[in-house]
Amino acid sequence: MTTTLERQDPVRTMLVRIAGEQMLQAQVDRQSFGGGMEASQVVLVTARYREGGLPRLLRVVMKRLQGRPAREAAIYEGLVAHCASRISPRLLAVEHSDDSVLLCLEAIRRTASWPWRNLSAGSELLVRLAHFHRIAGEADAKIPAWDYEAELGLLAEATWTALDRCRSQPGLSALARDLPALRRIVLERVRLREQLLAEHPFGCRPIHGDVHPGNVLVCRRGQGAEPVLLDWGRARLGSPLEDASSWLQSLRVWEPEAGRRHDTLLAAYLSAFGADGGLTSSVRDAYWIAGASNALSGALLHHLQRVQEPALCARRRGGAVTAPPPRGSVRAPPRDWLRVLRRASASAGA
Ligand SMILES: Nc1ncnc2c1ncn2[C@@H]1O[C@H](COP(=O)(O)OP(=O)(O)OP(=O)(O)O)[C@@H](O)[C@H]1O
Ligand SMILES: [Mg+2]
């Protein structure tokens, strides 16, 4: 859609800020990426203009954020600028207004809509993630405050309630078989989290906090294709194993081969991180607790609420419990998250 924007239009104002007065005459197209779960609006902006008589093109992404997600601006300016500039879009400008923040980011041109069939691309992402975790652990980058542990506690309780409710619902009662595993993790959450955040050599350090295929693009940069991590709004202090698990557990939903080669991929991450002992039983246990934390931090609750919507008929409800959602759009369906909780429960008892 082509729009002739007014001078005071925030998109136009942003374009003028990053590319000068010539943007006042540019023809501007906007293409929405659709509302995400967190951002209020993500738009690809294409500006066509003339410079020295020659036609030029400027493509940027603008992301408007409100409420807690607005912390992403400070994360780009701090953590990403210091520790993750090679694996992120460049932040071109930030505009603060009374109730929201507008981020202007380098538009990443992806090489393929689904580059993950090739497992080496997924492995490369893990290697780069490990390097980021190492650098971020040593740097002194500021991250906006977020009492994640308190929020996790509330979401874990709500997830327990939602799973308990499945017992009496047609098509969902099989899910409730995993109630004992979930109950165990929720009741022991504080101890398990302390143990996870003390696991050597990972400890507690800055992490991305939302690594899944919807938040990674592969683009051509330098010599070859490189994965780029988007969506830094959930970056926080945590265990790097939370990021590694988030990636591996979401990838295997769409690429079963990633499940079959799970330990090889995890070993690639551990080696790049410099965890010399490799996949010891202690690291494996911590990894599953990290996965359970991800399950309980809203992802499983979101899906349980979706499958319990009254409008969903019993047949579609059964499908939503097991069928993979559209590639990369959301993360694993309930069945997969519950599998992670079973593994974590076994690890918690080990
Ligand atoms: N810099 C960028 N270059 C190219 N595409 C981008 C860029 N930033 C975002 N996108 C596209 O917009 C989509 C949504 O962006 P992003 O994940 O940052 O927002 P979000 O609303 O927080 O998403 P969600 O809550 O669904 O994870 C991405 O999946 C990607 O397709
Ligand atoms: Mg996203």
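Order of appearance sets the numbers: ligands from 1, and atoms from 1 within every ligand. Quick caveat, the model's predicted, so the values are computed rather than measured.
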Handout entry: Test item, Gly214 contacting ligand 1 (heavy atom, 4.0 angstrom)
Key = yes

Completion exercise
Here the atoms of ligand 1 under 4.0 Å from any heavy atom belonging to Ala107 are 3 (N)

Practice task
List for me each residue that meets side-chain contact (heavy atoms from CB on, under 4.5 Å) alongside Leu57, sequence neighbours excluded, and say none if there are none.
Solution key: Thr46, Arg48, Arg59

Handout entry: Nearest-option assignment for atom 16 (P) of ligand 1, heavy atoms, candidates Arg59, Arg109, Lys63
Key = Lys63

Completion exercise
To the nearest 0.5 Å, atom CH2 of Trp232 lies from atom CG of Leu105 at 12.5 Å

Exercise for the section: Could you please spell out the steps behind the side chain to side chain contact (heavy atoms under 4.5 Å, CB included) verdict for Glu77 and Leu91? Expected result: CA-CA 8 Å; Glu77 288 167 330; Leu91 175 68; 3.8 Å; yes

Exercise for the section: Please answer: with hydrophobic residues joined when any side-chain heavy atoms are less than 4.5 Å apart, are Leu251 and Leu279 in the same cluster? Expected result: yes

Practice task
Kindly identify the option in Leu65, Val60, Ile108, Asp231 whose heavy atom sits closest to atom 4 (C) of ligand 1.
Solution key: Ile108

Completion exercise
Pro89 heavy atoms within 4.0 Å reach ligand 1 at atoms 1 (N)

Just list the side-chain donor-acceptor pairs under 3.5 Å for residues 125-140, sequence neighbours left out, or say none.
{"residue": "Arg128", "atom": "NE", "partner": "Glu124", "partner atom": "OE2", "Å": "2.7"}
{"residue": "Arg128", "atom": "NH2", "partner": "Glu124", "partner atom": "OE2", "Å": "3.3"}
{"residue": "His133", "atom": "ND1", "partner": "Leu129", "partner atom": "O", "Å": "3.3"}
{"residue": "His133", "atom": "ND1", "partner": "Tyr269", "partner atom": "OH", "Å": "2.7"}
{"residue": "His133", "atom": "NE2", "partner": "Asp243", "partner atom": "OD2", "Å": "2.8"}
{"residue": "Arg134", "atom": "NH1", "partner": "Ala272", "partner atom": "O", "Å": "3.4"}

Problem - Test: Arg68 and Glu151 ion pair at under 4.0 Å - result: yes

Handout entry: If only protein N, O or S atoms under 2.8 Å count, total around the Mg ion (ligand 2)
Key = 2

Practice task
Check each heavy atom of Glu106 against ligand 1 and say whether those closer than 4.0 Å belong to the side chain, the backbone, both or neither.
Solution key: backbone

Problem - Arg236 charged N/C atom sitting above Tyr148 aromatic ring, 6.0 Å / 45° - result: yes

Practice task
Using a 4.0 Å heavy-atom cut-off, say whether Leu44 meets ligand 1 through its side chain, its backbone, both or neither.
Solution key: neither

Practice task
Run the numbers for me: atoms of ligand 1, each under 4.0 Å from some heavy atom of Asn215, listed by number.
Solution key: 17 (O), 27 (O)

Practice task
Write out all pairs satisfying ring-ring contact (aromatic ring centres under 6.0 Å, His included) with one or both partners inside residues 161-203, taking only residues at least two apart or from two chains.
Solution key: Phe202-Phe273

Exercise for the section: Could you tell me if the ring centre of Trp247 sits under 6.0 Å from that of His212? Expected result: no

Exercise for the section: Please step through side chain to side chain contact (heavy atoms under 4.5 Å, CB included) for the pair Arg64 and Ser97, ending with a clear verdict. Expected result: CA-CA 10 Å; Arg64 184 170 291 287; Ser97 59; 4.2 Å; yes

Fill in the blank from the handout: For Leu217, the atoms of ligand 1 under 4.0 Å from one of its heavy atoms are 4 (C), 5 (N)

